[in-house]
Amino acid sequence: MLWLGTSFKMTKTRAEAAAYAARLKEAVGDGVEGVRPFVIPSATAIATVADTLGRDSPALVGAQNTHWADSGAWTGEISVPQAADAGARLIEIGHSERRAHFGESDATVRLKTAAVLRHGLVPLVCVGESEETRAAGMASATAAVLAQAAAALDGAANPRHVLIAYEPLWAIGEHGREPRPQDIAPVLAELAQLPVRGVLYGGSVNEGNAAGLLRLPGVDGLFVGRAAWDAEAYVRLLAMAAS
Ligand code: 13P
């Protein structure tokens, strides 16, 4: 089973997310052969997307972040039970944008991973090395990524339910570089040794490079940003992954 999903990051109104979800529902029908689609909208649109897709849709809806506590005085935060109540079945944790701009650390990633597992949702834990770490060589990149993954899984009751997304910082977003296979294959091969549910690649994935990335050993799927924000483009990526 290949995982192929997208995070909308901080884009789309509820109306835009609903239109996207309606197109996706039509495209996935009862399921996409060999592919598990997932969509991670902003918190405001989780329920919109989940309700539009239908609660038993083969496409999973996710949240981009969570708090580790179930409830309490944590202004501005959303808990796993709240995200699940809105329709989320998967929760993204530790994206590099959250680590860089919002103080997310290996310690909070570990707490959040444990909380998601406790409630039976799928944690999608993002790991990836910085440009500077990569410049120091493959060994330092691999060590940094494995350390992040180990921190997330530390003490996890059931690591086999965890998805890891390898997203090197130098490959993500508008200023990201498309990876060459030799840049990422050694790291993916190491991550593939972990006792987890699957390892996804993310960062500058597009319709031109997706098939090649999916063929890399150790890759169980792709986590796409910009190239899947248009529903038609995402549907084409799903069809490509299915073939
Ligand atoms: P891009 O595909 O836009 O580079 O973003 C990847 C990403 O950060 C997915 O979480």
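Starting from 1, each residue takes its place in the sequence as its number.
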Exercise. Could you walk me through whether Cys126 and Ile93 pass the side chain to side chain contact (heavy atoms under 4.5 Å, CB included) check?
Worked result: CA-CA 6 Å; Cys126 302; Ile93 300 167; over 6 Å; no

Exercise. side-chain hydrogen bond (donor to acceptor under 3.5 Å, both in side chains) between Asp70 and Gln82: does it pass, once the steps are laid out?
Worked result: CA-CA 8 Å; Asp70 288 358; Gln82 287 176 314; over 6 Å; no

Exercise. Step by step, would you call Arg14 with Val49 a side chain to side chain contact (heavy atoms under 4.5 Å, CB included)?
Worked result: CA-CA 8 Å; Arg14 284 181 303 149; Val49 171; over 6 Å; no

Problem set entry | Derivation of the side chain to side chain contact (heavy atoms under 4.5 Å, CB included) call for Ser42 and Lys12 | CA-CA 8 Å; Ser42 296; Lys12 299 196 193 295; over 6 Å; no

For this session: Begin with the C-alpha distance, continue with both residues' side-chain angles, and end with the deciding distance and a verdict on side chain to side chain contact (heavy atoms under 4.5 Å, CB included) for Arg197 and Arg160.
Result: CA-CA 5 Å; Arg197 183 155 177 188; Arg160 291 209 177 273; 5.7 Å; no

For this session: Check the pair Arg226 / Ser204 against side-chain hydrogen bond (donor to acceptor under 3.5 Å, both in side chains), numbers first and verdict last.
Result: CA-CA 8 Å; Arg226 294 155 296 155; Ser204 289; 3.3 Å; yes

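For the pair Val162/Thr113, a side-chain contact is recorded, criterion being any heavy-atom separation below 4.5 Å from C-beta on. Counting only heavy atoms from C-beta outward, the side chains of Glu33 and Ser243 never approach each other to under 4.5 Å. Residues Lys9 and His95 have side chains in contact (heavy-atom distance under 4.5 Å, counting atoms from C-beta outward). Side-chain contact between Asn65 and Glu104 is present, with at least one heavy-atom pair separated by less than 4.5 Å. With contacts defined as side-chain heavy-atom distances shorter than 4.5 Å, the pair Leu191/Val196 does not qualify. Counting heavy atoms from C-beta outward, Asn209 and Asn206 have side chains that approach closer than 4.5 Å. Arg99 places none of its side-chain heavy atoms less than 4.5 Å from the side chain of Ser105. With contacts defined as side-chain heavy-atom distances shorter than 4.5 Å, the pair Glu190/Val187 does not qualify.
Atom CE of Met1 is surrounded by more than 12 heavy atoms from other residues, nucleotides or ligands within 6.0 Å. For Arg55, the CZ atom is densely surrounded, since the number of other residues' heavy atoms within 6.0 Å is greater than 12. With a 6.0 Å radius and a threshold of 12 heavy atoms from other residues, nucleotides or ligands, Glu232 has its CD atom above the threshold.
Judged by distance alone, the side chain of Asp51 and the main-chain N or O of Thr48 form no donor-acceptor pair under 3.5 Å. Distance alone, capped at 3.5 Å, places no donor-acceptor pair between the Asn158 side chain and the His161 backbone. Arg36 places a side-chain N or O within donor-acceptor distance of the main-chain N or O of Pro58, the cut-off being under 3.5 Å. Under a 3.5 Å cut-off, the side chain of Trp229 and the backbone N or O of Thr11 do not form any donor-acceptor pair. Although no hydrogens or angles enter the test, the distance criterion places no donor-acceptor pair under 3.5 Å between the side chain of Ser57 and the main chain of Gly54.
The line from CZ of Arg110 to CD of Gln148 is 15.0 Å long, rounded to the nearest 0.5 Å. Note that NZ of Lys25 is 7.0 Å distant from CG of Leu53, once rounded to the nearest 0.5 Å. Interatomic distance, Leu200 CG to Leu213 CG, rounded to the nearest 0.5 Å: 11.5 Å. Within the model, atoms OG1 of Thr52 and CZ of Arg23 stand 14.5 Å from one another, a figure rounded to the nearest 0.5 Å. Here the CD1-OG1 distance, from Ile91 to Thr66, works out to 4.5 Å after rounding to the nearest 0.5 Å. One distance of note links CG of Asp85 with CD1 of Ile78; it measures 11.5 Å at 0.5 Å rounding.
Annotation for Pro41 and Val61: closest pair CD-CG1, 4.0 Å, computed over non-hydrogen atoms. Minimum interatomic distance between Gly221 and Leu2 (heavy atoms only, all atoms of both residues): N-CD2, 4.3 Å. In terms of heavy-atom proximity, Leu24 sits nearest to Ala59 at CD2-CB, 4.2 Å. The shortest heavy-atom contact between Leu194 and Ala149 is CD1-CB, 3.7 Å. When all heavy atoms of Ile46 and Gly62 are compared, the closest pair comes out as CG1-O, 3.8 Å. The nearest pair of heavy atoms linking Val109 to Ala152 is CG1-CB, 3.7 Å.
Taking the six-membered ring where the residue is Trp, Tyr20 and Tyr234 present parallel rings, their angle staying beneath 30° rather than reaching 60°. Taking the six-membered ring where the residue is Trp, Phe38 and Phe223 present tilted rings, their angle falling between 30° and 60°.
When the options Glu132, Glu129, His175, Glu131 are evaluated for a side-chain hydrogen bond (donor to acceptor under 3.5 Å, both in side chains) with Trp170, the one that passes is Glu129.
Hydrophobic clustering keeps Met240 apart from Trp3 (ILVMFWY residues linked when any side-chain heavy atoms are closer than 4.5 Å, directly or through intermediates). Hydrophobic clustering (side-chain heavy atoms under 4.5 Å, transitive across Ile, Leu, Val, Met, Phe, Trp, Tyr) keeps Leu60 apart from Val224. A single hydrophobic cluster is seen to contain both Leu222 and Val28, as judged by linkage of ILVMFWY side chains at heavy-atom distances under 4.5 Å, directly or through other members. Leu169 and Leu146 fall into different hydrophobic clusters, defined by Ile, Leu, Val, Met, Phe, Trp and Tyr side-chain heavy atoms under 4.5 Å apart, directly or through other members. The hydrophobic clustering, which links ILVMFWY residues whose side-chain heavy atoms are closer than 4.5 Å, places Ile164 and Leu188 together.
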